[in-house]
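One structure is given here, and the rest of the page talks about it.
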Amino acid sequence: MSEMKSAPEVHGPDVFEYEGGRLCLVGSSCPQCGAAFYPPQAVCARCGHRGGDKLLLGPEGTVYTWSRVHRSTPEFKPPYVLVYVDFPQDVRVLMPLSDTAEPQIGDKVELAMEDGPRVEAGNLVPLVHARPVQK
Amino acid sequence: MEGVYIAGVGMTAFGKHPDRSAADLAAEAILGALDDAGVGTMDIEAAWVGHVYQGMAMGQRALGAAGLSGLPITNVENACSSGSTAIFEAATALRAGAYDMVLAVGVEHLSTKFRGALQPDESDIEAQIGLTMPSVYAMRARRHFEQYGTTPRQLAAIAAKNKFNASLNPLAQFKKPISVDEVLAGPLIAEPLHRDECAPVSDGAAAVVLVSEKKRRQLGQARTVRLVASALRSGRMEVGLVDMTREDLTWRTALAAYEQAGLGPEDIQMAEVHDCFSIAETTRIEGLHLFPFGEYPKAVERGEASLGGRLPVNTSGGLLGKGHPLGATGVAQVIEIVKQLRGEAGDRQVQGLKVGLAHCRGGKARGVEGTACTVNILTL
Ligand SMILES: [Zn+2]
C-alpha cells in the first residue's frame, strides 16, 4: 500500500471497501512476518518491518465478547451494544452491534453501514456495524 | 533491589473536595509525609509528581504549595499508573546513587475534570465508536463468565469486600459497607458491571519519602519499610486473537518485580491491586499468579481474600472503596502496604505481615491490553 496511514478516521472512506458486494474493513498484513492489523499499521508491531500489504477483513466474523453500554460520554447515545468481532484473517475489531438485541459469544456477524451510536451536531453518525447473520 | 526504603508517608482523605485545589491536596500529603519521616523540606533533593488531568507543571504547583522549590522536579503522566511510576522513577534514581532522599507524589482533582464514564484518549479509534473504560472491563468480565463459569454474584462479592474494608479506613471515600444483593440491585453501567463495581470519581493526593541505605542509617529510623522491588512495563501491541482474561502486561511486570525481590507469588501475604472494576481485581490477581486462572472469584466468595483470609486483597478498600484519584492511586496503594507492615492499619490490620505487593495499571489504547503497569514489593 502506498501512503498508508497508521490511524485513519474511524468513519472515513479509507476504512472500508466492498468486495463481491459485501462490506469489508481495510486492514494490513506484514509482508515479512504475516502479522495482521486493523487499522493498517505503517510499522509492524511484531517484527518492526516498515510498510504493509492491504488486507480485507470480513465479510463475516464471530462475536468474541460484548457489552451493552448504559453510561457514556455526551458524544454517544446509550444504550448501545459494543462487540469485539474476531475475523478469520486473525484480527479482532471493536464495533457497534446493529441492534440492541442480546448477542451470544460465538454468533456469526457480517458488516453493515448503519447510524449510531455516535452523535455529531444532533445526528447519528454512520459507522461500520456488526449485524447478526440470519440463521 | 539494593537499599531503597520508604521513610515517611502522607495522604489526604479520598473523596470529593470541591473547595480545595489539586496543589492544596498535594501539599497536605507532602507535609504529612515529611512529618512522618521526621525530615524537613530542605532535606528533599528531588521529586517526581504523578497526575493525569491536572495540566502543565502540576508538580511545581504541588511542591510550591508545600514550600519546596528550586529542586529537580519531574512531572509524570502514565495513565492510572502515574503515581506508582513516580515511585518507580524515584526508586530508580536512588538505586543509581543520584540522590539519598527524594519525594514521590501522586495527585488528582478529578471531580472538576470529569463526569460520567472515563474514556481512552479521544483520538483513540475505539473511543470514537463509543468504547468507555467500564465497557472495556465489562467485555473482559463476559469472557471470564464464558471461560470459567464466573457469576455476576461472585464479581459483586469483590465490590462488597472492598467497600467493607473501606468502612474500616478513615481516609476512604465510601464509609458504609454494602451487601452483594445491594451491589446487584444497583444500576448497570456497562453490562454485566453495576455501579458499585466501578471505581468512583475522586479527588486526593498521596506522597512518600524515599531514602537510600546510607540516609536510612543516618536518620536512625526504626519505622522504615524496605522497597525490595519496583518494576514498570508497558502493554505490548497485541497480534492475533489473544485471551482477554489473561493479563500479559501484569504478569511481565510481576515477573520483573519477583526477580528483583528474589521472591515468588507464594511469598506474598497481602496485595493492593488496581481494582478499577470488580473484574479488574480478578484479572490482576490471576495475572500476578496469586490464584490460578479462573479461580479468584470463587475464592473471594469463600472469604479467602477478606481480612483474616489466606491472602487479604485491597485492605485499604481498593479503588472501589477507598476511591480512585488517578494520579494518587498508585502512591496510596504503597502507603497501605507501608502502614500494614508497620502495624499501623488500625481495624484492618493484617497480623504477622512480612511481605506486601502493590500492583497498579491502567489506561487503554487501541491494540494494547493496558498502557502502563507497575509492581512494587515491600518488606519489613
Ligand atoms: Zn511483521
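By convention in this document, chain letters (A, B, ...) are assigned in the order of the sequence lines, proteins followed by strands, and residues within each chain are numbered from 1.
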Task: Toward chain B, the part of A:L82 with a non-hydrogen atom under 4.5 Å - done: both

Open item on the list: For a 4.5 angstrom cut-off between non-hydrogen side-chain atoms, does B:L131 reach A:Y84?
Closed with: yes

- [ ] Counting only heavy atoms closer than 4.5 Å, note whether A:V69 contacts chain B via side chain, backbone, both or neither.
- [x] both

Task: Part of B:D243 lying under 4.5 Å from any heavy atom of chain A - done: both

- [ ] Please confirm whether the backbone N or O of B:M244 pairs with a side-chain atom of A:Y64, one donor and one acceptor, at under 3.5 Å?
- [x] yes

Open item on the list: Between B:A141 and chain A, with a heavy-atom cut-off of 4.5 Å, which part of the residue counts as in contact: side chain, backbone, both or neither?
Closed with: neither

Open item on the list: Other residues, nucleotides and ligands only: do more than 12 of their heavy atoms fall within 6.0 Å of NZ on B:K175?
Closed with: yes

- [ ] Scan B:S135, B:P187, B:P134 and name whichever one has a side-chain contact (heavy atoms from CB on, under 4.5 Å) with A:R71.
- [x] B:P187

- [ ] Specify the closest pair of heavy atoms between B:L188 and A:H70, including all atoms of both residues, with the distance to one decimal.
- [x] O-CB, 3.3 Å

TODO: Could you check if a side-chain atom of A:V81 sits within less than 4.5 angstrom of a side-chain atom of B:E191, using non-hydrogen atoms only?
DONE: no

Task: Donor-acceptor pair, side chain of A:R92 and main chain of B:V242, under 3.5 angstrom - done: yes

Open item on the list: Among B:R140, B:E146, B:R142, which residue satisfies the side-chain contact (heavy atoms from CB on, under 4.5 Å) criterion with A:T65?
Closed with: B:R142

Open item on the list: How long is the straight-line distance from OG of A:S72 back to CD1 of B:I189, given to the nearest 0.5 Å?
Closed with: 11.0 Å

- [ ] Please name the pair of heavy atoms, one in A:Y80 and one in B:T132, separated by the smallest distance, quoted to 0.1 Å.
- [x] OH-CG2, 4.4 Å

TODO: Without swapping roles, check the side chain of A:R118 against the backbone of B:Q128 for a donor-acceptor pair under 3.5 Å.
DONE: yes

Open item on the list: Any heavy-atom pair between the side chains of A:F37 and B:V239 that's under 4.5 Å?
Closed with: yes

